[in-house]
Every structure is written in structure tokens, then in C-alpha cells.
Amino acid sequence: MEILHQIGLFLQTAIQTGTPILFAIVGGILCEKVGHMNLGVEGMMLMGASFGFTVACATGNPLLAMLAAGAAGAAGALIYAFITVTLRGNQVVTGLVLTIFGTGVSGLIGGWVSSEQIPQSVSSAFRPVEIPVLSNIPILGEAVFSQDIYVWLGLVIAVLAYFYLNKTKLGLYVRAIGENPGAADASGINVTLHKYINILLGGFLCGLGGAYLSTAFLTTWQDNVTAGAGWIAVALIIFSTWNPLKAIFAAYLFGMLRGLNYKMQGWEIQIPSQFLTMLPYIATIIVLIFIAMRKKKENQPPKALGEAYFREER
Amino acid sequence: MSMIQISKRQKGTSKLADVLIRIGAIVLSLIFIGIVLAIMGYDPFKVFGKIIQTPFKRFKDVMNKTIMLTTLSLGIAIAFRMKFWNIGAEGQFYMGAFGAASMAFMCPDLPPILLLPLMAIAGFICGGLWALIPAVIKAKFGASETLVTLMMNYIAIAFISYLQYGPWKDPAALGAAKVPNFSENAVLPDVFGIHAGWIIMLVLVIIMTILLRYTKLGYQIDVIGESETTAKYAGMNTVKILVIAVLISGGLCGMAGFMQSSAVEKSITDSMSAGLGFTAVITAWLAKLKPPIIVVASFMFSILLQSGSSLQVMKIPSSITEIMQGVIIFFVLACEFFINYKISLRKHTAVKEAE
């Protein structure tokens with residue numbers, strides 16, 4: 001039974017490790033689906049992390065902390081959207097600058113709250129909750145039925161995002177814009193509005209993901225708390241072929257890989273941990289080659305990804 | 001009732017107007033930053049003063065960064081000119097450093113006159129080959145180079161990290177994971193107080209200016225950048241040009257890795273780029289991919305990067321420089337709109353009257 005318990009705990013941690021990245025992947029998918037590649041994910045996560053932390057300390061209210069984190073991420077996304085949608089600026093440069101900007105903002109705010117501590121009311125709200133009876137099931141008890149609110153929220157959001165993109169009229173608009181904004185515009189879809197909505201929603205989710213790291217995992221502020229999670233998310237957006245359901249799988253798989261990295265230190269077979277670090281990126285490149293080769297319709301990147309849309313140029 | 005009408009400029013604005021609009025954007029961004037600083041309770045003039053003093057007080061540090069940023073931006077520029085979106089400078093930089101370090105460790109006793117060129121060549125080749133992988137993937141399978149080059153960065157960093165914590169770890173460093181220092185022979189000497197990389201940088205700027213502006217290859221690269229179909233119709237071997245340009249692109253980034261490891265780190269670490277491979281994308285873009293302007297943009301950026309530590313002395317958080325970088329580029333990005341597009345107010349009634 002001990003081994004089952006161990007496996008359960010391993011999966012529990014893996015899912016928790018994957019969750020902040022899941023938020024960022026789903027956020028990134030929403031953004032890329034309207035044709036905008038946002039390399040500012042890391043920056044938006046950091047903004048969310050710092051604002052979430054600050055509001056958690058100031059108010060002691062977990063819900064407010066989450067809202068503040070999301071709003072901060074969305075604010076970063078708003079700058080990005082204004083420059084790339086309205087002013088048709090270069091998406092790669094804008095995204096990279098957003099990451100630098102977000103790192104600066106979180107460093108500045110983090111410096112102000114560096115002596116604060118997450119209040120009890122917040123940390124207890126984000127603690128894993130054991131669901132009675134179900135949490136006694138071997139493996140699943142720990143992995144699934146003893147999770148915190150963020151894990152559940154991440155799952156719900158990913159599923160909702162899937163339905164939003166694939167089963168609703170709005171989602172159809174979104175996909176149409178990502179494939180061919182000119183045609184979408186001609187059929188009467190408000191391209192600018194939908195781009196803004198999805199980019200901002202994406203930023204909101206990235207901010208939430210960042211706050212999970214700063215408010216649920218830690219009790220004091222740590223500079224650069226995301227430590228590259230945003231960049232992993234950018235990779236895993238592709239790995240999940242722009243599908244929020246596969247994003248769940250991608251994020252948790254990554255979490256397991258991270259966990260394995262720690263676990264292996266005590267094992268006899270030693271694979272240098274750096275090779276496990278490389279794995280998601282290598283896998284992403286392979287996926288990229290694969291989808292480019294197979295040309296299967298549903299796995300392709302949005303056709304207009306990275307291109308600015310200007311009505312008069314149609 | 002009037003309506004705003006936006007149209008693409010056909011001829012573009014004049015060169016002077018271009019420059020003035022950009023300078024205007026930078027001035028506006030500085031005013032904006034000044035106001036924000038004042039609201040936050042810092043004296044903006046003191047902050048700006050400190051930043052302006054930086055190149056005088058810490059000239060060497062600023063120049064070290066300038067050399068690195070310029071060389072990386074040159075590499076990025078040649079790829080961007082043909083619309084090959086190489087954002088893998090970071091990885092190519094590390095692989096270049098790896099190539100140089102391999103030479104330094106393999107033949108530490110070779111005289112500098114032989115060893116240094118050997119390191120430079122190894123750096124160039126390793127960086128170039130690392131960039132070639134995404135180019136081949138693009139040419140063969142059609143996978144987006146933006147994403148592949150981005151992924152290749154993290155693979156390269158993990159590889160260097162592996163060397164640092166594994167086979168290249170210095171046993172004499174007592175547990176600390178550090179690669180041993182290069183031998184004296186493998187260190188680029190100082191010329192006028194700054195490492196000789198500045199001469200290499202200037203030479204590279206001249207070579208790249210000539211290559212991009214006056215050679216057949218430079219012309220071909222620009223044609224492909226305009227339209228790959230046109231290039232193909234004109235009978236250009238686009239794959240061959242892509243391969244050469246990308247080799248140079250990654251090679252230059254590798255050269256930056258060689259100079260940084262040889263002259264500044266005198267070793268190799270998995271954090272020695274400090275993210276400048278990404279910053280270089282911004283400076284290359286700011287300079288409109290033109291080599292001589294790249295030097296200026298890189299120098300300006302290096303001042304901003306370096307002033308963080310002098311601000312900290314004044315108890316001003318160094319993060320402010322990152323925020324400033326962000327705000328300034330946001331403003332410049334926004335002003336591009338006014339260079340590329342014309343905004344006019346159209347009066348509906350007036351149109352009707354004319355009819």
C-alpha cells in the first residue's frame with residue numbers, strides 16, 4: 001500500500017506543478033486562436049504573481065487576490081492588444097518587451113512587499129481539500145480527490161475553453177478570425193472586438209497562473225517566482241496543438257517530468273536532470289514537425305498567426 | 001459629423017519625419033516615465049541623471065554589453081531581413097560559447113595568436129549549425145522557425161547547464177558547480193581598456209553593412225524578404241540562400257558567445273547571456289535591421305541595462321530600468337503606426353456636398 005500512496009502523492013504534486021502552466025497554456029491558446037502570438041506570457045504571469053501576492057497580503061481575501069492577479073495579467077495583455085491589434089505593431093517584439101516590462105513591474109512591487117507574509121486566511125483557502133470517502137481511494141484519492149481550488153479551477157477553465165472554442169458561435173468567430181481575419185470581417189464579425197476579448201481573457205488566465213505560484217506554493221515573496229514557466233507554456237501551447245483539452249494532458253505531463261527530475265536524484269539509474277529539462281522542448285519541436293508534415297486540419301496553427309490585420313489591405 | 005479614416009501610406013513618410021517621429025516617441029516615453037516616477041515618490045531628474053552618468057562611470061561594463069548586444073543584433077538582422085524570424089539568438093550564443101570553450105579546454109597551451117582565432121571559428125560554426133537546424137526543419141517540413149528557434153534556446157541552455165553540473169564541473173571548486181577558468185592564452189586581451197571584442201564588433205558591423213548593402217547575397221536576401229515567390233521566379237536558389245544567411249546569422253550570435261566567454265566570463269556558465277539574446281531582437285528591430293544603427297541602439301540599451309546597479313545605490317529598485325525599457329519600446333512600437341499609416345479626418349457632410 002505504501003507504494004500506491006507514494007504514486008498518489010507523486011501524481012498529486014505533478015498535477016499541482018502543472019496547474020500554473022495549464023492556466024498559461026489555455027490563456028496562450030485563446031490569444032493565438034485569434035492570430036496573435038504573445039511571447040509576453042512570462043511577463044503577464046509575473047504581473048499576476050506580484051499583484052496577487054500584494055492583494056493577498058493587504059486584504060487577506062483569497063478571491064480578491066485571484067481577481068487582482070487576473071486583472072494585472074489582463075492589464076499587461078491590454079498593452080499588448082492595443083499595440084498589436086489597434087496599432088498593428090510587431091507581435092514578436094511587443095511580446096518580448098511585455099515580458100521585460102512584466103518582470104520589471106513584478107520586481108518593483110515584489111520589493112515593496114518583500115517583508116510581508118501571506119495571511120492564514122489566504123493560504124488555508126488554497127490548501128488541498130480532501131474530499132470525504134473519495135480521498136481514500138488508492139492513488140486517485142491523493143492525485144484527484146485531494147487537490148486545491150486552483151487545480152479544480154484550472155481543469156474547469158480548460159474544459160470551458162474547449163467548449164467555448166469548438167462548440168459555440170463565439171468560438172466559431174474566434175477560429176474564423178485566426179484563420180482568415182479578412183473573410184471573418186467580410187462576414188460581419190467584429191474582428192477587433194473579438195481579438196481584444198480573447199487576448200485580455202488570455203492575459204487574465206496567465207495572471208491567475210502566476211498568482212498560484214506566488215500565493216499557494218509560497219508564503220513569502222520570491223523574485224522571478226515563475227522561473228521560466230511562461231516560456232514552457234509557450235512551448236506547450238504548440239505541444240497541445242492549440243487544443244485546451246490536450247493542454248491539460250500537456251501540463252500534467254510536464255508536472256510529472258518535473259517531479260521525476262526530483263525523485264530521480266535518489267535512484268540508481270541517473271539521467272542528468274538537464275536532459276529531462278530539455279524534453280518538453282524537444283517534444284515540442286517534434287510535434288511541430290509532425291503537424292507540419294501531416295497537414296491534418298484540426299492540428300494546424302491558426303493560419304493568420306503572427307500577421308497584423310488591416311482591413312484596407314484585404 | 002467627422003470620421004477617422006486610416007490608410008496605409010503609399011510612399012512612406014520622409015526619412016527625416018521617420019526619425020523625428022521616433023525621437024518624439026522616445027521623448028514622450030521619458031516624460032511619461034518621469035511623471036510616473038514622480039508619483040511614486042522618486043525624483044525623476046535624479047534617476048535620469050544617474051542613467052546618463054552610467055556610460056562615464058562604468059564605461060567598461062557598458063561597452064562589454066554593447067559588444068555582445070551589437071553582435072547578437074547583427075546576427076538577428078540578417079535573418080530578419082529575409083523574414084526568417086530567428087529568435088534563437090540566445091541558444092546560438094550559448095552554442096558559440098560552447099564551441100569556443102571546447103577549443104580553450106582542448107588546447108590550452110596553444111599561443112593566443114592561434115588559439116583565439118580557433119575559438120572564434122569554433123564559436124561561429126557551432127552557433128551557425130545550431131541555427132541551421134530550424135532552417136532545415138523549415139525548408140524540409142515547413143514548420144514555423146519562430147517557434148523552433150525559440151525551443152532551441154532552452155535546449156542549448158539545458159545542455160550548457162548539463163556541462164556545468166556534469167562533465168565540465170571544476171573538481172577544484174569544492175562542490176560549487178562551476179566550469180574551470182580558461183587558460184591565459186584563451187582570454188581576449190584588452191585594447192585601450194576594453195576587451196578586443198570591440199574591434200571585432202566594428203569589423204563585423206562594416207562587413208555586414210557591405211554584405212547587406214552592396215553584395216549579391218545581400219540583394220538576394222532582401223528580395224526573399226520582400227517576396228519568396230518573386231525570388232523563386234527570378235531563378236534564385238532560395239534554399240541555398242536561406243542556408244547561407246542562417247549560417248551567418250547563427251554564426252554571428254555564436255561569435256558573441258565566443259567573445260563573452262573568452263573576454264568577460266573567462267569561462268562558461270549557463271546564465272552568462274543574461275537574456276540578452278532576446279533583448280537583441282528588440283535592438284535589431286529598433287535599428288530597422290541596419291548594422292550602423294544597431295551599434296547606436298545597442299549602446300543606448302546597454303546604458304539602460306547597466307544603470308540598474310547604479311540606481312540601487314540610490315535605494316531605487318533596479319527593476320525600474322526594466323520598466324523603462326518596456327515603456328520606451330512600447331512608445332516606439334506605437335509610433336510605428338504613425339509612420340506606416342496615415343490618419344485623416346473625413347467630414348461626411350463635405351463628401352456629400354462634393355457629390
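If you're wondering where the values come from, they're calculated on a predicted model, not measured in any experiment. Lettering follows sequence order; numbering is per chain, from 1.
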**Complete:** Max heavy-atom pairs within cutoff under 4.5 Å with chain B, candidates Val234(A), Thr277(A), Leu98(A), goes to Leu98(A)
**Prompt:** Where on Thr86(A) is there a heavy atom nearer than 4.5 Å to chain B: the side chain, the backbone, both, or neither?
**Reply:** backbone
**Message:** Counting neighbours of CE on Met300(B) that are heavy atoms of other residues, nucleotides or ligands and sit closer than 6.0 Å, is the number greater than 12?
**Reply:** no
**Message:** Just so I know, are the side chains of Met278(A) and Phe159(B) near enough to count as touching, which here means a heavy-atom distance under 4.5 Å?
**Reply:** yes
**Side chain / backbone / both / neither for Met324(B) at chain A, heavy atoms under 4.5 Å** = neither
**Item:** Gap between atom CD of Gln274(A) and atom CD1 of Ile155(B) - 0.5 Å precision
**Value:** 14.0 Å
**Asked** Just how far is it from atom CG of Asn90(A) to atom CZ of Phe80(B), taken to the nearest 0.5 Å?
**Response** 7.0 Å
**Request:** Is it possible for you to check whether Arg88(A) lies under 6.0 Å from the centre of the six-membered ring of Tyr341(B), through NZ or CZ, and within 45° of that ring's axis?
**Result:** yes
**Message:** Quick one, Met37(A) with Thr146(B), criterion side-chain contact (heavy atoms from CB on, under 4.5 Å). Give me CA distance, side-chain angles, the key distance, then yes/no.
**Reply:** CA-CA 10 Å; Met37(A) 185 161 81; Thr146(B) 321; 3.3 Å; yes
**Fill in**
Looking only at Gln325(B), Glu322(B), Lys140(B), the option with the highest number of non-hydrogen pairs under 4.5 Å against chain A is Glu322(B)
**Prompt:** Heavy-atom distance under 4.5 Å to chain B: side chain of Val92(A), backbone, both or neither?
**Reply:** side chain
**Message:** Quick check on Arg81(B): does its CZ atom have over 12 non-hydrogen neighbours (other residues, nucleotides or ligands) under 6.0 Å away?
**Reply:** yes
**Request:** To the nearest 0.5 angstrom, please state how far the CD1 atom of Ile109(A) sits from the OG atom of Ser319(B).
**Result:** 10.0 Å
**Asked** So which part of Ile137(B) gets closer than 4.5 Å to some heavy atom of chain A, the side chain, the backbone, both or neither?
**Response** side chain
**Message:** Rounded at 0.5 Å granularity, tell me how far CG in Leu288(A) sits from NZ in Lys138(B).
**Reply:** 12.5 Å
**Asked** Looking only at heavy atoms, what is the nearest atom pair of Trp285(B) and Val93(A), with distance?
**Response** CG-CG2, 3.5 Å
**Prompt:** Given that the side chain runs from C-beta out, which part of Leu108(A) has a heavy atom under 4.5 Å from chain B: side chain, backbone, both or neither?
**Reply:** both
**Request:** Give the member of Ser161(B), Gly308(B), Pro317(B) that has the highest number of heavy-atom pairs under 4.5 Å with chain A.
**Result:** Ser161(B)
**Asked** What part of Leu279(A) is in contact with chain B, defined as an atom under 4.5 angstrom from a non-hydrogen atom: side chain, backbone, both or neither?
**Response** neither
**Request:** Just say parallel, tilted or perpendicular for the rings of Phe101(A) and Phe330(B), cut-offs at 30° and 60°.
**Result:** perpendicular
**Item:** Euclidean distance, Ile100(A) CD1 relative to Ile323(B) CD1, rounded to 0.5 Å
**Value:** 12.0 Å
**Message:** Can you tell me which portion of Ile282(A) sits under 4.5 Å from chain B's heavy atoms? Options are side chain, backbone, both or neither.
**Reply:** both
**Contact origin within Thr103(A) toward chain B - heavy atom pairs under 4.5 Å** = both
**Request:** Would you mind checking which part of Phe275(A) comes under 4.5 Å of any heavy atom in chain B, side chain (CB onward), backbone (N, CA, C, O), both or neither?
**Result:** side chain
**Request:** Kindly determine whether Leu150(B) and Leu39(A) satisfy side-chain contact (heavy atoms from CB on, under 4.5 Å), including the steps that lead there.
**Result:** CA-CA 10 Å; Leu150(B) 182 67; Leu39(A) 297 182; 4.1 Å; yes
**Gap between atom CG of Leu147(B) and atom OH of Tyr281(A) - 0.5 Å precision** = 13.5 Å
